[in-house]
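All values below come from the heavy atoms of this structure, side chains included, with hydrogens, waters and symmetry mates left out. Quick note on labels: first sequence line is chain A, next is B, and so on, each numbered from 1.
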There are 2 protein chains.
Amino acid sequence: MGLTIGQIAENTGLSIHTLRYYEKEGIMPHVKRNESGNRIYEPEDVEVLKFICCLKETGMPVKEIKKFVSLLMMGEQTIEDRITILLRQKENVQSQVDQLLSYIQMLDGKVEFYKSILESSKKEKRV
Amino acid sequence: MGLTIGQIAENTGLSIHTLRYYEKEGIMPHVKRNESGNRIYEPEDVEVLKFICCLKETGMPVKEIKKFVSLLMMGEQTIEDRITILLRQKENVQSQVDQLLSYIQMLDGKVEFYKSILESSKKEKRV
DNA sequence: ATAGAGCCTAGAGTTAACTCTAGATCAAGC
DNA sequence: GCTTGATCTAGAGTTAACTCTAGGCTCTAT
């Protein structure tokens with residue numbers, strides 16, 4: 001068993017092109033092939049892919065993801081390095097969240113400002 | 001009074017090139033010039049620029065920022081449209097935040113998993 | 001009056017991350 | 001046996017958002 005590239009594209013939202021690109025670039029470890037050379041994704045490949053998407057979506061550049069994946073493929077002696085990378089990434093994401101929350105404040109402030117302009121122009125018309 | 005492009009670059013962190021590019025692309029309204037043709041940024045320009053940075057940092061593409069800025073320049077009759085855009089952007093940012101928080105969970109989960117591997121390999125050595 | 005700093009424009013170049021194309025294989029169904 | 005649909009590779013093309021270059025002003029300090 002295992003899924004074809006088309007099925008994976010379907011249920012990750014990534015395109016087939018992107019999946020092949022990820023593999024070519026070493027962002028995704030090599031995936032097994034069947035007799036006719038087609039990629040077959042096993043459940044653990046799907047897991048890895050999802051985690052890679054997490055790294056990507058939180059803004060880790062492809063080059064660094066590549067580094068992380070190469071640690072992955074080197075086995076258990078790289079676990080401490082992987083922890084270090086992930087903890088740094090987590091801090092990173094946390095400060096992104098803080099930034100975004102302050103931008104929400106800013107957007108809100110502007111909306112309120114605009115609303116107050118609308119209010120006062122309504123009053124003017126009423127006068 | 002007013003600030004030069006170099007001073008603005010200094011205190012926004014944007015490069016001089018980027019500031020000119022923003023103006024050329026209509027992302028930033030036209031800035032006044034002095035007698036010798038150099039840009040002079042007034043406090044209100046700085047305000048607008050900061051807000052543009054907020055839109056950009058929250059993921060609004062340059063094309064849409066452009067649209068927003070053109071509404072800005074059309075005056076008060078576009079305020080309702082601006083509110084609509086900003087509220088949509090706010091929702092947008094809120095769901096980014098939610099996403100990021102769930103990714104933090106995921107990173108944490110992986111770190112814990114790695115730590116448990118380290119723990120159990122320590123025990124093995126001790127045995 | 002000249003050297004240097006900071007500014008100008010137009011337009012070319014770069015980078016990251018895809019995205020697509022061409023030409024080929026291969027298994028399944030009519 | 002032939003078409004259709006999914007897959008393959010290598011490599012070219014695209015897009016967004018800058019980033020830089022060349023060649024040219026203008027003000028200030030020596």
Among [options], which is the nearest nucleotide to the side chain of [X]?
X: R33(A); options: dC18(C), dC18(D), dC8(D); value: dC8(D)
X: K24(B); options: dC20(C), dC18(D), dG11(C); value: dG11(C)
X: I16(A); options: dA17(D), dC20(C), dT7(D); value: dT7(D)
X: S36(A); options: dA17(C), dA17(D), dA27(C); value: dA27(C)
X: Y21(B); options: dT19(D), dT9(C), dC18(C); value: dT19(D)

Nearest-Å distance for atom pair [atom1]/[atom2], residues [X] and [N]:
X: K63(A); N: dA16(C); atom1: NZ; atom2: C1'; value: 9 Å
X: K66(B); N: dA17(D); atom1: NZ; atom2: P; value: 11 Å
X: I40(B); N: dT26(D); atom1: CD1; atom2: C1'; value: 13 Å
X: L19(A); N: dT9(D); atom1: CG; atom2: P; value: 13 Å
X: K56(B); N: dA17(D); atom1: NZ; atom2: C1'; value: 9 Å
X: N38(A); N: dT9(D); atom1: CG; atom2: P; value: 9 Å
X: Y41(B); N: dC7(C); atom1: OH; atom2: C1'; value: 11 Å
X: E35(A); N: dT25(C); atom1: CD; atom2: P; value: 18 Å

Write out a two-atom table: protein N or O, nucleotide N or O from nucleotides 13-15 of chain D, distance below 3.5 Å.
none

Has the side chain of E25(A) got a donor or acceptor atom that lies under 3.5 Å from a matching backbone atom of K66(A)?
no
Ignoring hydrogens and geometry, is there a side-chain-to-backbone donor-acceptor pair from T78(A) to D81(A) under 3.5 Å?
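Looks like no, no N/O pair under 3.5 Å.
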Q. Contact class for T4(B) (heavy atom, under 4.0 Å): base, sugar-phosphate, or nothing?
A. sugar-phosphate
* Asked: With sugar-phosphate meaning primed atoms plus P, OP1 and OP2, does R39(B) contact a base, only sugar-phosphate, or nothing at under 4.0 Å between heavy atoms?
  -> sugar-phosphate
Residues G6(A) and I16(A): closest non-hydrogen pair is CA-CD1, 4.0 Å
Does Y22(B) put a side-chain nitrogen or oxygen below 4.0 Å from OP1 or OP2 of dC18(D)?
->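 True: Y22(B) side-chain N/O within range (under 4.0 Å) of dC18(D) OP1/OP2.
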